[in-house]
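What follows is a single structure, written as C-alpha cells, with notes after it.
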Amino acid sequence: YTWLLGSLISVLAGWYYLNKLFSFSLRDKINYSRIKKGIKSSFPFLLVAGLYSIMIMIDRFIIDYYYGKSEVGIYFFYVTIASAFHMLLTYAVAINYGPRCLETYQENGVSEYIVIKKEFKIQSIKIGIILAPFFIFGIYAALFFVDIPAYKEHIDVFWFLFAGVVIQYA
C-alpha cells in the first residue's frame, strides 16, 4: 500500500506544480487531434522502449525457467553491478560530449562530428581505465559486506558480465 500511496502523492504533487507552471484546468477543451498526432509521432519510440525493456528483462525469465529463482537472484546482483560500470562510463562521458557532438554535427557537418566522436571514444576508454579498478576490487568489498556464500561461489558470473561491458567499449 505504501507504493500506491507514494504514487498517488506523486501524481497529486505533479498535478499541483504543473498547474502552477502551465495553468491548465479540467474545464479546458482537450485538443484530441494534437494528442493523436503526438501518439503517432511517439509510437516508434514507445515501441523501441518496450522492446528494449523486454530485451533487458528476458534473460531473467530464461534463467528462472531453466535454473530457478536463486540463480536469478545471483545473476541480478551481478548484472546490477556490471550495469553500474556501464552507466557510469556512458554518462560520465556523454554528459560532456553529447551536447558537443550534437552541436558540432548541426553546425559543422559530418567531418567535424567524426573528430568529436573519436574524442568521445578516447575519453570513454580513459574513464573506463580509471573506473575499472574500482569495480574489479570493489566487487570483493561488496561480497564482504553482503556476506552471502552463493554470491561468492558464483563470482564467475560477475567476471563474465563485466568482461561483456568492457568488450562493448573496446
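The structure presented is a predicted model; accordingly, all values stated were derived computationally and were not measured. The figures that follow rest on heavy atoms only: side chains count, while hydrogens, waters and symmetry mates do not. Residues: numbered from 1 along the sequence shown.
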Taking atom CD1 as the centre, does I58 end up with more than 12 heavy-atom neighbours from other residues, nucleotides or ligands that are less than 6.0 angstrom away?
no

Can you tell me how far CG of D156 sits from NE2 of H154, rounded to the nearest 0.5 angstrom?
7.5 Å

Close side-chain approach of S42 and L46, heavy atoms under 4.5 Å:
no

Do you reckon I95 sits in the same ILVMFWY cluster as I116, going by side-chain contacts under 4.5 Å, direct or chained?
no

Take a 6.0 Å sphere around CG of L51 and say whether it holds more than 12 heavy atoms from other residues, nucleotides or ligands.
yes

Which heavy atom of I56 sits nearest to which heavy atom of D59, and what is that distance?
O-OD1, 3.2 Å

Assign the ring pair Y78 / F158 to parallel, tilted or perpendicular, where the plane angle (0 to 90°) is split at 30° and 60°.
tilted

Does the side chain of Y65 reach to within under 4.5 Å of the side chain of V72, using non-hydrogen atoms?
no

Find the distance between OH (Y113) and CG (N108) and round it off to the nearest 0.5 Å.
13.5 Å

Nearest heavy-atom contact between A82 and V165 is O-CG2, 3.8 Å

Return the CH2 to CG distance between W3 and L8, rounded to the nearest 0.5 Å.
12.0 Å

For F120, is the CZ atom crowded, meaning more than 12 foreign heavy atoms sit under 6.0 Å from it?
yes

I'd like to know if L143 and I148 are part of one continuous hydrophobic network [Ile/Leu/Val/Met/Phe/Trp/Tyr, side-chain heavy atoms within less than 4.5 Å].
yes

Steps toward side-chain contact (heavy atoms from CB on, under 4.5 Å) verdict (I81, F85):
CA-CA 7 Å; I81 296 170; F85 179 75; over 6 Å; no

Shortest non-hydrogen pair, G38 vs S41, comes out as O-OG, 3.1 Å

Would W159 and L89 show up in the same hydrophobic cluster when neighbours are defined by side-chain heavy atoms closer than 4.5 Å?
yes

Does the side chain of K37 reach to within under 4.5 Å of the side chain of R34, using non-hydrogen atoms?
no

How many angstroms lie between CD1 in I139 and OH in Y151, if you round to the nearest 0.5 Å?
10.5 Å

Does some side-chain heavy atom of I63 sit less than 4.5 Å from a side-chain heavy atom of F76?
no

Between CD1 on residue I127 and OG1 on residue T90, distance to nearest 0.5 Å:
10.5 Å

State the CD-CD distance between E112 and E103, to the nearest 0.5 angstrom.
12.0 Å

Are L161 and I136 linked, directly or through intermediate hydrophobic residues, by side-chain heavy-atom contacts shorter than 4.5 Å (ILVMFWY only)?
yes

Applying the 4.5 Å side-chain criterion to the ILVMFWY set and letting contacts propagate, would F77 and F61 be lumped into a single cluster?
no

